[in-house]
A.B. asks: 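I have a structure I would like to understand better, so I am pasting it below and will then ask my questions one at a time.
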Amino acid sequence: MREVKKALSFILTVEFWRMGIFWTLSLVMSYFQLFWQRVFTKKPNAYPRCPPQRIGTKKPICVITGATSGIGAAAAYDLSKEGFYVVLVGRSSQMLSKMIEWIHKKNKDAHVQAFEVDLSSFQSILKFKDSLEKWLLDSDMHVSVQLLINNAGILAASHRLTEEGYDQMMGTNYIGAFSLTKLLLPLLKNSPVGSRIVNVTSFTHRNLFNVQIDKETVVGKCLSRSKQYPFSHIYEFSKLCLLMFSYELHRQLHSTDESCKVSVIAADPGVVETNIMRELPSCVSRMAFIALNLLGLLQSPEEGASSVIDAALAPPEISGVYFFGGKGRTLNSSALSHNIRLAEKLWRSSSDLFLESKLTSTRTYTS
């Protein structure tokens, strides 16, 4: 009875209708755009998968966050089959151990390593960077990374703060990915073969048409002051930030150095049946999955991971694009996501937060 009351209460909120109507419309719009491109334009919108490049006799290193379930777990297994040495990053050591066991059971030739990391904590990310470098040195491997997949993400139904005082959803979905990328960028640049960053974003970014970007909005302070926590709006904003970051990092890397071998790609898996809605009333999430399945829009984690794998294995020269729908297909993301002025503001605000966190965490870490 308590669960029913909780569900009825949730159905009466703006968040429910925003997710139910606008998220569905933006998803349908994305698939319609794929159909339009295929039927009415001559522009190729799909790329083949290419095998990863080895470093001599050594396997290339792939770091994937949020790797203990859902899309992350499916992608980790697929990439182990493609020949990567997969580094799993997750919050639960128990789940990480189960993932290693599961991958080895399905692929006896897999090479897998795991690190317990909280992506909402800068200090945890900083420790991971140091641990990763030490592991590479101790394992007699080339001190570099060939693939970073920022997949970790949450849909929080209530307002919570990180150690740094940021909104937890913004901290996990965007700020953590930005910080991890900045810290691992030297390892990506140090790769003797081409390396790549794949940021897992969402079609929900299409629901935003006008945003203000500064340090307060990036950490979620302005967005979380409402009487009712606007979690669907914050989720959309976090995924928009991750997408704009992808484009801006691509511009910065390739405008200053034409010989740069680091590519940046955004990947959108669509709607996947994972546990991301675990904080919502269970009967509501079940009904949502049933409705999406009837519409033919719901995918399994294995199907949803295909866009991520497409992005990871796209030809080395491909960068600054948005993969959606599997089969190597790409789309144009929203006009707002391509706003260079906003992207530059986002970069400056995020970089300031990164430097502040790095200074504070380094003091704590070394004390």
Side-chain angles (χ1 to χ4, degrees), residues 22-52 62 64 66 70-79 81-82 84 147-151 153 194-208 236 239-240 242-247 249-251 254 263-274 276 292-293 295-338:
F22 292 109
W23 286 20
T24 303
L25 287 175
S26 60
L27 179 63
V28 171
M29 187 188 304
S30 296
Y31 280 109
F32 179 76
Q33 190 179 337
L34 276 182
F35 171 77
W36 186 271
Q37 282 184 168
R38 182 170 61 88
V39 176
F40 296 103
T41 71
K42 296 180 180 179
K43 179 184 174 184
N45 67 324
Y47 296 98
R49 291 183 179 181
C50 301
C62 164
I64 178 166
I71 296 166
Y77 167 65
D78 286 346
L79 291 167
K81 289 197 302 179
E82 292 291 341
F84 280 95
L147 178 61
L148 168 62
I149 301 179
N150 288 310
N151 166 72
S195 58
R196 172 161 292 160
I197 299 159
V198 176
N199 291 324
V200 180
T201 183
S202 168
F203 58 89
T204 60
H205 80 274
R206 296 185 185 276
N207 292 325
L208 299 174
E236 295 162 2
K239 293 300 183 178
L240 174 67
L242 195 56
L243 187 51
M244 288 197 294
F245 164 56
S246 303
Y247 295 150
L249 181 58
H250 159 74
R251 279 191 292 268
H254 295 273
S263 59
V264 189
I265 294 179
D268 182 348
V271 175
V272 182
E273 190 171 4
T274 67
I276 193 168
L292 289 165
N293 191 41
L295 291 170
L297 299 174
L298 184 65
Q299 304 172 92
S300 67
E302 292 73 24
E303 292 169 328
S306 63
S307 292
V308 178
I309 305 301
D310 289 341
L313 300 179
E317 67 275 11
I318 302 304
S319 185
V321 296
Y322 172 71
F323 277 78
F324 176 84
K327 301 177 183 178
R329 293 175 292 183
T330 61
L331 275 186
N332 290 323
S333 55
S334 70
L336 187 63
S337 69
H338 288 284

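This one's a predicted model, so the numbers in the text were calculated from it and none came from an experiment. Numbering starts at 1 and runs along the sequence shown.
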A.B. asks: Where the side chain of His338 meets the backbone of Ala335, is there a donor-acceptor pair that is under 3.5 Å apart?
C.D. replies: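 A pair under 3.5 Å: no.
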A.B. asks: For the atom pair CG (Leu27) and OG1 (Thr204), what is the distance rounded to the nearest 0.5 Å?
C.D. replies: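 Separation between the atoms: 10.0 Å.
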A.B. asks: Would the distance check show the side chain of Asp268 and the main-chain N or O of Phe203 forming a donor-acceptor pair, the cut-off being under 3.5 Å?
C.D. replies: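 Present.
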A.B. asks: Working to the nearest 0.5 Å, report the span between CD1 of Ile318 and OG1 of Thr330.
C.D. replies: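 It is 8.5 Å, given to the nearest 0.5 Å.
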A.B. asks: Got Pro51 and Leu313 here, is their nearest side-chain heavy-atom distance under 4.5 Å?
C.D. replies: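 SC-SC contact between Pro51 and Leu313 ruled out.
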A.B. asks: Do Arg206 and Ser334 meet the criterion of a side-chain donor-acceptor pair at a distance under 3.5 Å?
C.D. replies: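 No, Ser334 and Arg206 have no side-chain donor paired with an acceptor closer than 3.5 Å.
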A.B. asks: What heavy-atom pair brings Lys239 and Val200 nearest, and what distance separates the two atoms?
C.D. replies: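 Scanning both residues completely, I find the closest heavy atoms to be NZ-O, 3.1 Å.
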A.B. asks: Looking at every non-hydrogen atom in both residues, tell me the closest pair between Ala74 and Pro301 and how far apart they are.
C.D. replies: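 Closest heavy-atom pair between Ala74 and Pro301: CB-O, 3.6 Å.
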A.B. asks: Grab the two heavy atoms, one from Leu79 and one from Ala312, that are nearest each other, plus how far apart they are.
C.D. replies: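 Smallest heavy-atom distance, with atoms named: CD2-CB, 4.2 Å.
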A.B. asks: Please give me the minimum heavy-atom distance between Glu303 and Leu298, naming the atom from each residue.
C.D. replies: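 Minimum heavy-atom separation between Glu303 and Leu298: OE1-O, 4.4 Å.
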A.B. asks: State, yes or no, whether a side-chain contact exists between Pro316 and Ser263 at a heavy-atom distance under 4.5 Å.
C.D. replies: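 Side-chain contact under 4.5 Å: no.
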A.B. asks: Parallel, tilted or perpendicular, judged at 30° and 60°: which one describes the rings of Phe324 and Tyr322?
C.D. replies: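 Aromatic pair Phe324/Tyr322 classed parallel.
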A.B. asks: Quick one: list whatever passes side-chain contact (heavy atoms from CB on, under 4.5 Å) with Asp310, sequence neighbours left out.
C.D. replies: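 Checked Asp310 against side-chain contact (heavy atoms from CB on, under 4.5 Å); matches are Arg49, Phe323.
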A.B. asks: Is the number of heavy atoms from other residues, nucleotides or ligands within 6.0 Å of OH (Tyr31) greater than 12?
C.D. replies: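 Yes, OH of Tyr31 has more than 12 neighbouring heavy atoms, counting only those of other groups under 6.0 Å.
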A.B. asks: Quick check: closest heavy atoms across Ala267 and Ser307, and the distance to 0.1 Å?
C.D. replies: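 So the minimum-distance heavy-atom pair works out to CB-O, 3.9 Å.
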A.B. asks: As an exercise, state the distance from CD of Glu317 to SG of Cys50, rounded to the nearest 0.5 Å.
C.D. replies: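 Nearest 0.5 Å value for the CD-SG distance: 7.0 Å.
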A.B. asks: With rounding to the nearest 0.5 angstrom, report the CD1 to OH distance, Ile265 to Tyr247.
C.D. replies: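 Between Ile265 CD1 and Tyr247 OH, I get 10.5 Å after rounding to 0.5 Å.
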A.B. asks: How long is the straight-line distance from SG of Cys62 back to CZ of Arg196, given to the nearest 0.5 Å?
C.D. replies: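 Spacing of CZ (Arg196) from SG (Cys62) equals 12.0 Å.
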A.B. asks: Quick one: closest heavy-atom pair of Pro269 and Ile71, and the distance?
C.D. replies: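 Looking at all heavy atoms of both residues, the shortest contact is CG-CD1, 3.5 Å.
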A.B. asks: Any chance you could measure Leu297, atom CG, to Leu292, atom CG, to the nearest 0.5 Å?
C.D. replies: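 That separation rounds to 6.0 Å.
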A.B. asks: Taking C-beta and beyond as the side chain, do Lys327 and Ser306 meet within less than 4.5 Å on heavy atoms?
C.D. replies: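 A side-chain contact under 4.5 Å is absent here.
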A.B. asks: Kindly indicate whether the side chain of Thr201, heavy atoms from C-beta on, has any atom under 4.5 Å from the side chain of Ser246.
C.D. replies: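 Thr201 vs Ser246: side chains apart.
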A.B. asks: Between Leu336 and Leu208, does the side-chain contact (heavy atoms from CB on, under 4.5 Å) criterion hold? Intermediate values first, please.
C.D. replies: CA-CA 8 Å; Leu336 187 63; Leu208 299 174; 4.2 Å; yes
